[in-house]
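Written out below as structure tokens is the structure these notes cover.
In what follows, residues are counted from 1 in the order of the sequence shown. In listed order, ligands and their atoms are each counted from 1. Everything numeric in this text was worked out from a predicted model, so none of it was measured.
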Amino acid sequence: MQVNVYEKYWMWGAGVLVALFVGALLWSAGAHAIHPPSHVETIDPTKVAEHPEFGNPGVITKADGGLEVVITIKMYSFAPAEIRVPRGKPVTFRITSSDVIHGFQIVRTNANTMVIPGYVSQFSMTFQWPGEYLIVCNEFCGLGHHLMQAKLIVEEAA
Ligand code: CUA
């Protein structure tokens, strides 16, 4: 079969683009640990304040020694507003919203998730560098969106 030379250029061009896009996906998944959300857990967003876990947000040491950070978000604040975790220890974040969709991003790390009312967002991280990190909301949630921030302090293990 005879394929016109210009047709060949287009076919090769499209093929190269597809390879680039797939490569970009694999690269971001591998090099930057960017993954789709994988945790599905529901919660009644109107009863967050009375919820046994989310009604009392903070850093919790589990029976097995694991660290959990429970966070509730509403317009326009994070609770708790200051989180302290040790360096080099895996920490599981569990986050929910009692009003609208917010974002939860720890700047200078790859911790970044949407927080949707009715759902619990969860991810685990180990922080390697001690210091102060800014936490921001990165989903526009209303007039006070730009004021939403909290602080993560990664402490050198004692
Ligand atoms: Cu909460 Cu923007």
Give a yes/no verdict on a cation-pi contact between R108 and Y133, requiring under 6.0 Å between NZ or CZ and the six-membered ring centre and an angle within 45° of the axis. yes
Is the distance from atom 2 (Cu) of ligand 1 to the nearest N/O/S atom of C137 under 2.8 Å? yes
ND1 (H102) to atom 1 (Cu) of ligand 1 to SG (C141), nearest 10°, is 100°
Note: O(E139)-atom 2 (Cu) of ligand 1-ND1(H145) angle, rounded to 10 degrees, equals 90°
Would you mind checking if R87 and E155 are paired as a salt bridge, meaning a charged N to carboxylate O distance below 4.0 Å? no
Do S124 and T92 have a side chain donor and acceptor closer than 3.5 Å? yes
Would you say M148 reaches atom 1 (Cu) of ligand 1 with an N/O/S atom under 2.8 Å? yes
Minimum side-chain heavy-atom gap R84-L152 below 4.5 Å: no
